[in-house]
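Here is the structure we will look at.
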Amino acid sequence: MAAYREKINELQELLKEDNIDFKLFRKQCFRGVPDDSGLRPLCWKLLLNYLPPNRKQWKEVLRSKRELYKQFIDEMVVAPKDGRTDCPRIDVTMDDHPLSINPDSKWQTFFKDNEVLLQIDKDVRRLCPDISFFQQATDFPCQEIVGGPDSDSIRLHNRVQYTALSAGTVERRGIGMNKVSYTVRKAQEDYAVLSSGQEAHWEVVERILFIYAKLNPGQSYVQGMNEIIGPIYYLFATDANSDWREYAEADTFFCFTGLMSEIRDFFIKTLDESEMGINGLMNRLMRKLKECDPQVWNRLKNQELEPPFYSFRWLTLLLSQEFELPDILRIWDSLFADQNRFEFLIYVCTAMIVLLREDLLSGDFPCNLKLLQNFPSMDVHIVLDCAVQLALSCSLSS
């Protein structure tokens with residue numbers, strides 16, 4: 001207990017410095033931010049490069065970023081009206097009509113927005129089905145959305161037109177649907193919409209993802225991003241400090257955007273074969289497993305148990321589907337604090353396989369596939385300690 005308290009004190013002292021010693025700060029966070037310290041939300045904002053190490057810059061950074069996000073809401077959620085069924089009738093002209101193929105057509109924008117919204121709306125309603133948090137009302141609903149006379153019409157879930165996705169969209173949006181089941185859990189299909197003046201947390205996440213998709217048309221929204229943003233928003237929206245909690249939406253948007261800038265290659269099919277593409281990442285995992293435990297590697301190879309069957313989801317979603325939420329927060333402390341960003345992810349995944357070596361060496365293909373696709377419940381600290389030991393062993397051998 002004394003060591004635990006000392007760990008909190010060390011982190012608190014670091015965060016009080018006008019210029020935070022970032023190397024030491026990363027080292028402390030890599031060991032895990034104490035759960036009951038209340039420091040994890042602030043630590044993640046720093047680790048994800050939302051806040052600079054210089055504390056004197058925080059006030060201006062937060063003011064400008066939060067004001068910018070408010071502008072995004074006004075421009076992309078509140079202001080757009082063309083194409084909505086509840087709006088006054090507009091003239092259909094040869095210049096702009098529902099069948100126009102002009103890429104600048106407002107109708108084309110409306111249809112594309114609906115397509116993206118449909119997928120986002122379905123995915124955010126599945127967030128963390130084992131807890132009720134995302135179904136609950138936020139203490140700080142967006143007043144531009146819920147406070148106006150047209151609040152019902154501008155809430156995104158009401159704007160979704162439930163039309164069928166094109167086959168091309170399904171193929172592009174899915175995370176390896178032809179390779180591996182997307183999720184191991186069954187979620188209820190719908191979350192209840194709250195009464196007027198309230199917003200559920202899933203509605204807030206839906207808005208963040210929609211704005212992100214609008215600002216990144218080349219990538220847009222890809223299924224699985226909801227699993228990346230979920231833990232970040234949960235952490236910020238449950239911050240014990242209400243002054244921080246009030247801006248959980250804006251802060252989540254910028255932290256998520258920063259994180260996606262580092263892992264975007266995971267979600268872009270044309271970059272699959274690049275070093276940071278998903279296939280390149282899976283190859284690195286297999287090379288690391290061969291180096292750390294050649295016997296297990298050989299067993300999986302002889303059984304033709306290919307990495308996409310199980311590690312595709314591990315790597316793409318940063319293990320967010322393999323562990324319970326509290327354990328994900330702990331794992332992400334280390335992933336975000338990793339100086340060689342996400343190199344440690346490879347070691348964690350390798351550790352997960354090595355820790356199952358006895359079962360894998362004795363199991364046949366169906367048993368091993370099931371075991372790896374449904375990683376058994378295990379103390380997360382055992383996994384992380386094993387990953388650290390593997391990393392140390394590899395550094396010593398090299």
Side-chain angles (χ1 to χ4, degrees), residues 72-73 76-87 107-138 141-142 144-146 150-175 177 182-183 185-196 198-217 219-234 237 248-249 252-253 256-257 260 267 317 320-321:
F72 291 157
I73 292 178
M76 300 176 202
V77 181
V78 176
K81 292 182 179 295
D82 293 315
R84 289 218 313 269
T85 57
D86 62 307
C87 293
W107 282 98
Q108 283 290 315
T109 300
F110 171 71
F111 292 139
K112 289 178 181 177
D113 286 353
N114 265 9
E115 186 177 277
V116 172
L117 263 177
L118 175 58
Q119 187 63 63
I120 294 174
D121 192 72
K122 289 168 62 177
D123 290 347
V124 295
R125 293 171 189 257
R126 301 173 180 144
L127 265 176
C128 300
D130 296 333
I131 62 174
S132 63
F133 169 78
F134 287 96
Q135 303 175 54
Q136 297 172 6
T138 172
C142 180
E144 290 80 5
I145 302 295
V146 304
D150 298 327
S151 61
D152 285 343
S153 63
I154 61 177
R155 295 175 83 149
L156 291 179
H157 63 82
N158 287 334
R159 287 170 50 182
V160 173
Q161 304 295 314
Y162 286 92
T163 54
L165 286 172
S166 67
T169 300
V170 174
E171 181 181 358
R172 175 64 186 89
R173 299 293 183 235
I175 292 187
M177 294 294 286
Y182 167 66
T183 179
R185 305 172 184 169
K186 289 186 178 180
Q188 64 185 78
E189 287 299 317
D190 206 5
Y191 277 5
V193 176
L194 302 181
S195 58
S196 179
Q198 292 185 309
E199 275 192 310
H201 290 293
W202 67 264
E203 294 182 76
V204 180
V205 175
E206 180 175 46
R207 185 163 55 246
I208 298 172
L209 289 171
F210 177 69
I211 292 173
Y212 176 83
K214 291 281 285 181
L215 290 170
N216 295 272
Q219 181 184 30
S220 189
Y221 171 78
V222 179
Q223 189 180 30
M225 290 181 181
N226 58 310
E227 305 294 349
I228 299 295
I229 199 173
I232 300 174
Y233 175 77
Y234 170 83
E249 179 176 353
T252 297
F253 170 81
F256 171 73
T257 299
M260 285 306 303
F267 293 88
L317 303 183
S320 61
Q321 292 289 285

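Values in this document were obtained by computation on a predicted structure and should not be read as measured data.
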Considering only heavy atoms from C-beta outward, does the side chain of [X] approach that of [Y] to under 4.5 Å?
| X | Y | value |
| --- | --- | --- |
| Y221 | D123 | yes |
| R155 | V146 | yes |
| I208 | E249 | yes |
| V205 | N226 | no |
| F134 | Y233 | yes |

By ring-ring contact (aromatic ring centres under 6.0 Å, His included), which residues pair with F253, not counting sequence neighbours?
Y69, F72
Looking at A200, is its backbone amide N or carbonyl O close enough to the side chain of E203 to form a donor-acceptor pair, meaning the two atoms are under 3.5 Å apart?
yes
For the atom pair [atom1] ([X]) and [atom2] ([Y]), what is the distance rounded to the nearest 0.5 Å?
| X | Y | atom1 | atom2 | value |
| --- | --- | --- | --- | --- |
| S220 | M225 | OG | CE | 7.5 Å |
| L117 | F210 | CG | CZ | 4.5 Å |
| D121 | E206 | CG | CD | 4.5 Å |
| I229 | L127 | CD1 | CG | 8.5 Å |
| Q198 | T138 | CD | OG1 | 10.0 Å |

For P129 and R126, the nearest pair of non-hydrogen atoms, with its separation, is CD-O, 3.2 Å
List the atom of L317, the atom of Q321, and the distance in Å for their closest heavy-atom pair.
CD1-CG, 3.6 Å
Which label fits F133 and H201: parallel for a plane angle under 30°, tilted from 30 to 60°, or perpendicular past 60°?
parallel
By side-chain hydrogen bond (donor to acceptor under 3.5 Å, both in side chains), which residues pair with Y212, not counting sequence neighbours?
Q219
Can you list everything that forms a side-chain hydrogen bond (donor to acceptor under 3.5 Å, both in side chains) with E199? Sequence neighbours excluded, please.
R207
